[in-house]
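Reckoned from all heavy atoms, side chains included, excluding hydrogens, waters and symmetry mates. In listed order, ligands and their atoms are each counted from 1.
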Amino acid sequence: MIPVEKNKTYSVTIEAISSEGSGIAHIDGYTIFVPQTAVGDVCRVLVVKVKSNYAYAKLKELLTPSPVRTEPVCPAFSKCGGCVFQHLTYEEQLRIKKQTIEDALIRIGNLQNAHVEEILGMEHPLRYRNKMVFPIGGSVENPVCGFYRERSHDIIPLSDCALGDAMNQDIIKTVLSFMKEFRIAPYQEETHSGCVRRIFTRRAYHTGEWMVVLSVNANALPHAEEFVKRICAISGDIVSIYLNCNQQKNNLVLGGKNVLLFGKPVISDLLCALSYEISPDSFFQVNPQQTEKLYQKAIEFAGITKDDTVLDVYCGIGTISLSAAQKAKNVIGVEIVPQAIENAKENAKRNQISNATFYAAAAEDLVPKLIADGIRPDVVILDPPRKGCDENTLNAILTAQPKRIVYVSCNPATLARDLKLLTKKDYSLKKAVGVDMFPWTHHVESVVCLSREKADDYIRISVHTKDLQTKSN
Ligand code: SAH
């Protein structure tokens with residue numbers, strides 16, 4: 001018997017938070033998910049969808065608010081699909097994320113004794129994003145900029161996002177007033193008409209350089225010179241301005257071709273003291289401060305020495321590979337996107353790193369081949385997309401018997417699934433930690449280390465590498 005009915009209200013107490021960020025309550029053992037609630041909330045909820053094992057409900061009235069609630073910093077909370085945890089204190093967000101990792105390791109990974117270290121949070125968890133995308137809509141008379149409503153393409157007008165740099169506000173204002181003055185129409189998705197689709201900005205954390213890209217449904221921008229003049233007047237830090245010409249009926253952030261309107265084709269940034277050049281299309285981690293913490297943890301867990309060969313699978317533009325290369329004998333990076341591998345090779349050159357080799361291939365094809373050809377990495381680093389690793393990749397790695405496997409993951413569920421396979425025989429989980437790369441959202445990154453070594457040996461090695469890191473800092 002399902003104890004609730006659609007369109008009826010019920011009083012519930014929120015007991016936990018799901019991995020998607022919804023509150024969880026129970027009525028007679030039956031689960032109800034309620035978004036935008038906190039553990040300890042007593043509330044009246046309206047059931048909106050009923051399934052055999054669970055239901056979804058909307059918060060209607062907060063009868064007793066939980067002490068872990070806080071005032072959302074953003075006026076668009078509850079409308080914009082971005083931050084689901086704006087109503088929670090930062091400490092509570094970190095607690096939930098650590099719990100999510102622990103639960104996944106225990107329930108999915110069957111790793112009963114998993115000890116997860118204290119999660120690495122941010123000291124100042126706002127305005128951390130180095131990349132922002134603002135869709136443009138409205139009319140010629142009244143162009144608006146904002147965010148997509150959750151699960152839709154309606155634009156909620158907003159002049160700021162608390163996760164991005166405050167200077168984005170000036171850029172938005174300038175673009176909208178330019179459009180209004182010169183009567184340049186916003187793009188209309190339904191009719192594939194109009195011009196300006198979105199504003200895209202990038203800020204290099206260490207060098208302070210900015211890139212501004214205006215995406216248009218056209219092959220040129222009317223009054224482009226005036227546009228450049230106005231954007232440059234915002235700040236001398238804006239060193240690169242592009243027009244992204246995308247006349248296709250798609251929803252890519254930057255489709256079509258990029259035309260440089262002003263300044264440098266790339267901006268430069270540092271990550272773990274290595275230098276990177278970022279173009280409009282380059283993949284670059286969006287939270288630079290936390291990325292450094294993540295990579296430092298991965299390198300620390302890996303315990304790399306000068307005799308080690310490191311295999312970095314899913315290497316992107318080679319950022320982890322190049323950090324590892326400084327400590328290893330050599331590094332092999334594998335990544336499916338050829339452009340990212342081109343960037344990785346350029347990045348190695350720019351940083352005068354000559355002991356890293358990069359291959360553009362699917363990990364599930366190339367890793368088994370490399371192992372069959374006799375390559376025996378001492379350390380394997382995995383950093384797959386949300387869906388996790390392919391079984392062929394994991395089985396090949398097990399055949400190669402590296403000393404250590406460091407797994408960096410943006411999805412605790414697939415991480416735990418893959419760890420179940422990897423810990424079937426010789427390997428055991430030695431370390432696990434969460435890194436909060438995306439404060440106010442439900443996303444959490446984790447780093448774990450598996451090893452064949454006995455616990456004492458492993459601890460000795462990791463203490464040794466930690467010492468080395470402290471000395472070199
Ligand atoms: N380690 C990098 C990138 C991690 S994101 C960093 O820290 O920046 C995951 C990467 O896996 C992406 O670059 C994606 O293009 C790549 N990828 C996705 N599927 C893949 C596959 N089957 N084989 C190899 N790489 C893949």
Side-chain angles (χ1 to χ4, degrees), residues 120 129-131 202 204-205 252-253 269-279 281-302 304 310-326 328 331-348 351 353 356-371 377 379-397 405-412 414-415 418 433-438 443-448:
L120 301 174
R129 285 187 64 100
N130 58 10
K131 179 180 104 173
R202 288 191 117 149
Y205 178 73
L252 297 174
V253 172
D269 206 358
L270 299 174
L271 197 53
C272 297
L274 295 171
S275 148
Y276 293 92
E277 287 192 343
I278 308 161
S279 67
D281 298 313
S282 309
F283 172 83
F284 201 69
Q285 294 275 1
V286 297
N287 185 333
Q289 291 160 278
Q290 292 300 91
T291 301
E292 295 201 333
K293 290 185 197 165
L294 180 77
Y295 287 2
Q296 277 159 8
K297 268 289 164 196
I299 301 290
E300 176 196 320
F301 283 5
I304 302 165
V310 178
L311 176 61
D312 179 17
V313 191
Y314 311 95
C315 70
I317 59 166
T319 38
I320 300 182
S321 315
L322 298 181
S323 294
Q326 294 176 305
V331 176
I332 302 164
V334 178
E335 157 65 44
I336 202 164
V337 176
Q339 181 58 46
I341 286 295
E342 286 312 308
N343 292 341
K345 289 178 182 168
E346 287 156 21
N347 290 333
N351 291 289
I353 291 175
T357 317
F358 293 100
Y359 296 103
E364 54 277 24
D365 298 334
L366 186 65
V367 173
K369 272 197 203 119
L370 293 175
I371 308 291
V379 174
V380 173
I381 298 172
L382 298 166
D383 185 6
R386 288 188 67 75
K387 68 175 184 190
C389 299
D390 190 281
E391 277 196 25
N392 287 342
T393 311
L394 299 178
N395 286 325
I397 290 165
I405 304 169
V406 172
Y407 194 138
V408 180
S409 161
C410 54
N411 183 346
T414 55
L415 166 72
D418 292 349
V433 69
V435 181
D436 191 19
M437 298 278 276
F438 307 104
H443 293 287
V444 62
E445 199 90 6
S446 12
V447 193
V448 309

- Based purely on interatomic distance, does Ile320 place a nitrogen or oxygen under 3.5 Å from a nitrogen or oxygen of ligand 1? no

Just to check, does Tyr295 reach to within less than 4.0 Å of ligand 1 when the distance is taken from its heavy atoms?
yes

The protein heavy atom nearest to atom 18 (C) of ligand 1 is Pro385 CG, 3.5 Å

A student comparing Glu364, Glu335, Gln339 should find that the heavy atom closest to atom 16 (C) of ligand 1 comes from Glu335

of all protein heavy atoms, closest to atom 4 (C) of ligand 1 is Asp383 OD2, 3.3 Å

Original post:
Has Thr319 got any heavy atom lying under 4.0 angstrom from an atom of ligand 1?
Top reply: yes

inquiry  = Quick check against the 3.5 Å criterion: does Arg202 have a side-chain atom that pairs as donor or acceptor with the backbone of Ser279?
reply    = yes

Side chain of Asp418, backbone of Cys389: donor and acceptor closer than 3.5 Å?
yes

Donor + acceptor pair across side chains of Tyr276, Thr319 (<3.5 Å): no

of all protein heavy atoms, closest to atom 25 (N) of ligand 1 is Ile336 N, 3.2 Å

Short version for Ala340: what comes under 4.0 Å of ligand 1, heavy atoms counted, is neither

Is Gly318 close enough to touch ligand 1? Criterion: a residue heavy atom under 4.0 Å from a ligand atom. no

Counting heavy atoms under 4.0 Å, the part of Val337 that contacts ligand 1 is side chain

Mind checking whether Ala363 has an N or O less than 3.5 Å away from an N or O of ligand 1? yes

Discussion item. Check whether Glu292 reaches the backbone of Cys272 with its side chain - one donor and one acceptor, N or O, closer than 3.5 Å.
Written reply: yes

For atom 11 (O) of ligand 1, the closest protein heavy atom turns out to be Tyr314 CB, 3.5 Å

*Do we see a donor-acceptor contact under 3.5 Å between the side chains of Gln290 and Lys293?*
yes

